[in-house]
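Accompanying notes for the structure given below.
Chain identifiers are assigned alphabetically (A, B, ...) following the order of the sequence lines, protein sequences preceding nucleic acid strands; residue numbering begins at 1 within each chain.
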2 protein chains.
Amino acid sequence: MADNKIRNMEEFAAVSGISRPTVSKYFNDPDSVRRTTRERIEKALERYDYRPNIFAMNQNRKLTKNVGIVVPYLADPFFAEIARQIEQRCIAAGFRPTLYSAHGDPALEKDILDSLVSLKPAGVLLAPLGRASDRSAIEKFCDDVPTVLFDSNLDDVGEAFVGSDNFSFVSQTVDYLTRTGEPPCFFEMRTPANPNANKRRLAFVEVMERRGLEPRIIKVEGEGWAFEEIGRDGALRVLETGGFPTNTILCSNDRLAIGLLAACYEKGFRVGRAEGCALRVASHDDHPFSRFTCPSLTTAAHDYDAVANCAFGTLAELIEGGGRFDTRTETLFSARLVLRASA
Amino acid sequence: MADNKIRNMEEFAAVSGISRPTVSKYFNDPDSVRRTTRERIEKALERYDYRPNIFAMNQNRKLTKNVGIVVPYLADPFFAEIARQIEQRCIAAGFRPTLYSAHGDPALEKDILDSLVSLKPAGVLLAPLGRASDRSAIEKFCDDVPTVLFDSNLDDVGEAFVGSDNFSFVSQTVDYLTRTGEPPCFFEMRTPANPNANKRRLAFVEVMERRGLEPRIIKVEGEGWAFEEIGRDGALRVLETGGFPTNTILCSNDRLAIGLLAACYEKGFRVGRAEGCALRVASHDDHPFSRFTCPSLTTAAHDYDAVANCAFGTLAELIEGGGRFDTRTETLFSARLVLRASA
DNA sequence: GCAGAAATTTTACGCGCGAAAAATTTCAGT
DNA sequence: ACTGAAATTTTTCGCGCGTAAAATTTCTGC
């Protein structure tokens with residue numbers, strides 16, 4: 001391209017022989033101009049590579065093409081993976097996604113939402129911290145910005161929720177474990193940050209009671225998002241003080257399970273369904289690393305693809321519809337049981 | 001606050017009894033206005049919560065307060081962690097960081113840089129994909145935007161580089177391993193994407209030869225960023241076809257090691273420095289999960305804190321200095337050996 | 001080939017703010 | 001109190017683009 005520097009849309013309109021506002025229309029929606037006009041613009045575009053000033057665009061536009069993606073803790077590969085999937089769908093649909101992590105900090109989550117407002121995003125996909133979140137701050141944010149919650153639900157906050165059917169997760173793992181061996185006990189944090197954890201515990205109790213089995217729950221101490229460490233420390237303490245009440249342990253999530261497996265390994269307890277194993281361990285989430293634990297982890301998997309698809313699809317629909325839904329929908333995806341070596 | 005809605009800086013200037021441009025100066029640098037003026041503005045700010053329109057600000061400003069952070073693969077907790085640290089330093093210094101991941105895709109990396117240009121960032125911290133990167137695209141980008149490379153160096157690209165002294169990493173691990181047992185062989189990908197991998201191999205060869213030992217290298221097949229899988233598959237193949245040439249394996253990085261440990265576990269090879277172990281395994285990076293592998297991984301650790309600090313500090317300096325350094329500096333940090341159970 | 005409607009383009013204006021130049025105020029030294 | 005320079009504030013202009021309304025072109029049906 002003979003890139004005679006184009007400074008602005010005015011100049012670009014001149015060299016392409018079209019008026020500036022028409023060029024503006026083209027950039028907002030190429031299909032809104034006549035085919036012949038579009039072709040002339042695109043031909044000029046090849047010769048002069050010009051791009052509209054993004055700040056000037058967004059200044060006057062009522063609605064930008066920005067989409068915010070907010071996750072509670074990006075160093076967790078689970079969120080990294082789901083964020084990646086959502087990001088790519090945004091791009092494919094012509095939006096400009098921006099990714100934020102609250103890094104486990106409620107104050108930072110609030111700051112992110114604050115600065116997100118001034119970006120006038122067309123919509124936001126928010127996975128809240130959960131219990132620690134400043135609920136009223138999030139509510140206020142959702143009043144200003146069309147928001148779809150995902151992963152972690154807050155009742156009546158946001159225009160919709162897309163997440164997991166925790167009951168399906170737990171019932172499948174419990175089902176499998178009781179069918180193939182001793183019924184499991186449940187291993188979790190005492191004060192989980194994430195509402196999914198509470199739903200999983202409740203599901204565990206319900207499923208076990210339905211079967212006439214006693215739902216035994218092991219709660220370990222620990223705050224924050226260092227789940228592996230909490231799981232390991234907690235499991236070490238249990239193993240050192242009498243051990244688990246059954247030979248089968250169902251962890252609330254994979255990251256706790258990774259910590260628990262580390263503890264078992266340290267203490268010399270062989271984990272798995274094979275001969276000579278002392279314990280069986282299963283879990284939930286299908287964390288990206290759970291294929292590489294020792295032993296590999298039997299777990300109930302999220303359908304990352306479907307969740308990302310639905311979350312973005314719901315947001316797109318919301319944006320189309322002007323930012324409000326008549327009724328708040330909650331879409332829950334079932335788990336897929338993944339059998340590996342640990343149980 | 002009696003938030004009588006303030007629409008713009010004009011109105012806010014009116015209610016605070018100051019002229020608009022003075023208010024503008026205040027927002028660009030509160031110390032640039034007289035103390036009495038500043039106090040009047042800040043008093044008004046409490047009553048009327050107003051925030052300047054970020055798009056209008058950036059449209060006319062020659063330099064924004066935006067900082068781009070680009071990493072090759074965010075689902076890798078190593079990058080998630082380093083990005084987190086850098087992010088927080090940006091915020092503390094009054095910048096607006098935005099995080100991007102190339103997700104292992106050179107085309108996406110190029111797209112990110114492209115769209116980053118139009119954000120007129122004050123500076124960018126870029127960890128390139130490495131070998132796969134479109135070097136000329138990155139070079140062109142660095143001409144337009146003050147850029148500091150980190151983690152992964154590209155010769156003569158960007159104004160500075162901050163990374164790791166790979167020789168220090170490898171010499172420490174080799175040193176330790178040879179001192180405490182059989183000399184290691186080196187386990188790596190045949191065609192590593194990251195230049196650090198090449199430097200580590202070269203360092204391994206050099207260190208071994210200095211000791212008069214034969215540098216034996218095991219190369220495994222595989223492309224992309226699924227290092228754990230590549231490590232496991234490669235190790236399985238080795239273990240099934242004669243095994244490793246020594247009982248001590250030094251992995252190029254922790255993620256490969258995680259895969260290798262999974263393979264060893266599957267095949268029943270006990271890893272560690274304790275009695276009865278068949279293999280010792282060590283590695284480099286101190287990946288956030290390497291404390292929770294089975295056994296926990298002996299590794300050469302990055303000083304995440306120092307690297308993040310230096311990378312951002314260098315960028316801040318670069319921005320202060322107008323976006324150019326006289327000479328391109330390369331700052332390398334040494335490793336800290338972390339002894340755990342695997343070797 | 002023509003009238004009228006529909007689609008498209010052009011005219012005209014304003015968005016909210018940054019920044020240089022001009023005007024004013026402040027302050028030290030006398 | 002007075003002068004002059006420095007610090008600060010105000011005047012003025014323009015950035016690059018969106019958008020409603022007006023003007024024009026294109027298209028449809030006869």
Side-chain angles (χ1 to χ4, degrees), chain A residues 5-45 48-66 94 96 115 117-122 322, chain B residues 5-45 48-66 94 96 115 117-122 322:
Chain A
K5 296 288 164 57
I6 302 290
R7 324 185 123 265
N8 54 35
M9 195 180 280
E10 191 81 52
E11 284 189 21
F12 178 75
V15 300
S16 52
I18 317 257
S19 77
R20 203 219 7 110
T22 302
V23 174
S24 168
K25 283 201 66 173
Y26 168 84
F27 278 107
N28 284 325
D29 177 9
D31 290 330
S32 69
V33 303
R34 204 184 330 227
R35 192 175 54 79
T36 57
T37 309
R38 182 166 62 245
E39 281 163 0
R40 283 166 67 192
I41 292 177
E42 281 164 357
K43 205 167 56 191
L45 222 39
Y48 288 96
D49 92 314
Y50 155 77
R51 306 180 58 170
N53 180 310
I54 197 168
F55 298 111
M57 280 180 60
N58 288 336
Q59 174 177 24
N60 299 320
R61 193 148 34 192
K62 52 188 69 162
L63 218 61
T64 70
K65 281 287 196 176
N66 297 331
R96 298 189 86 261
S115 77
V117 172
S118 59
L119 281 180
K120 291 193 276 188
Chain B
K5 295 292 162 56
I6 301 290
R7 322 183 126 268
N8 54 35
M9 195 179 281
E10 191 81 53
E11 284 189 21
F12 177 75
V15 300
S16 51
I18 317 258
S19 77
R20 202 221 6 108
T22 301
V23 173
S24 167
K25 283 200 68 178
Y26 169 83
F27 279 107
N28 284 325
D29 177 9
D31 290 330
S32 70
V33 302
R34 206 188 328 236
R35 193 175 54 79
T36 58
T37 310
R38 182 166 62 246
E39 282 163 0
R40 283 166 68 191
I41 292 177
E42 281 165 357
K43 204 166 57 192
L45 221 40
Y48 288 95
D49 95 309
Y50 155 78
R51 305 180 60 170
N53 180 309
I54 197 169
F55 298 111
M57 279 180 59
N58 287 335
Q59 174 177 23
N60 298 320
R61 189 141 47 184
K62 52 189 66 165
L63 218 60
T64 69
K65 282 287 195 175
N66 298 329
R96 299 188 87 262
S115 75
V117 172
S118 59
L119 281 180
K120 291 193 278 188

Between [N] atom [atom2] and [X] atom [atom1], what is the distance in whole Å?
X     : N      : atom1 : atom2 : answer
B:Y26 : D:dA7  : OH    : C1'   : 19 Å
A:R35 : C:dA7  : CZ    : P     : 17 Å
B:I18 : D:dT11 : CD1   : C1'   : 16 Å
B:R34 : C:dT24 : CZ    : P     : 15 Å

For [Y], is there any backbone N or O sitting under 3.5 Å from a side-chain donor or acceptor partner on [X]?
X      : Y     : value
B:K65  : B:G94 : no
A:R20  : A:A13 : no
A:K120 : A:Q59 : yes
A:K25  : A:V33 : no

Residues A:R35, A:E39: salt bridge by 4.0 Å N-O rule: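 Salt bridge flag = yes for A:E39 with A:R35.
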Under 4.0 Å protein heavy-atom contacts per nucleotide of nucleotides 12-19 of chain D, with B for base, S for backbone only and - for none: B-BBBBBB
Test side-chain contact (heavy atoms from CB on, under 4.5 Å) applied to B:F12 and B:D49, B:I6, B:I18, the passing residue: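 Of B:D49, B:I6, B:I18, side-chain contact (heavy atoms from CB on, under 4.5 Å) with B:F12 is met by B:I6 alone.
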A:S32 side chain near C:dT8 phosphate (N/O to OP1/OP2, under 4.0 Å):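 So the side-chain polar atoms of A:S32 never come under 4.0 Å of the phosphate oxygens OP1 or OP2 of C:dT8.
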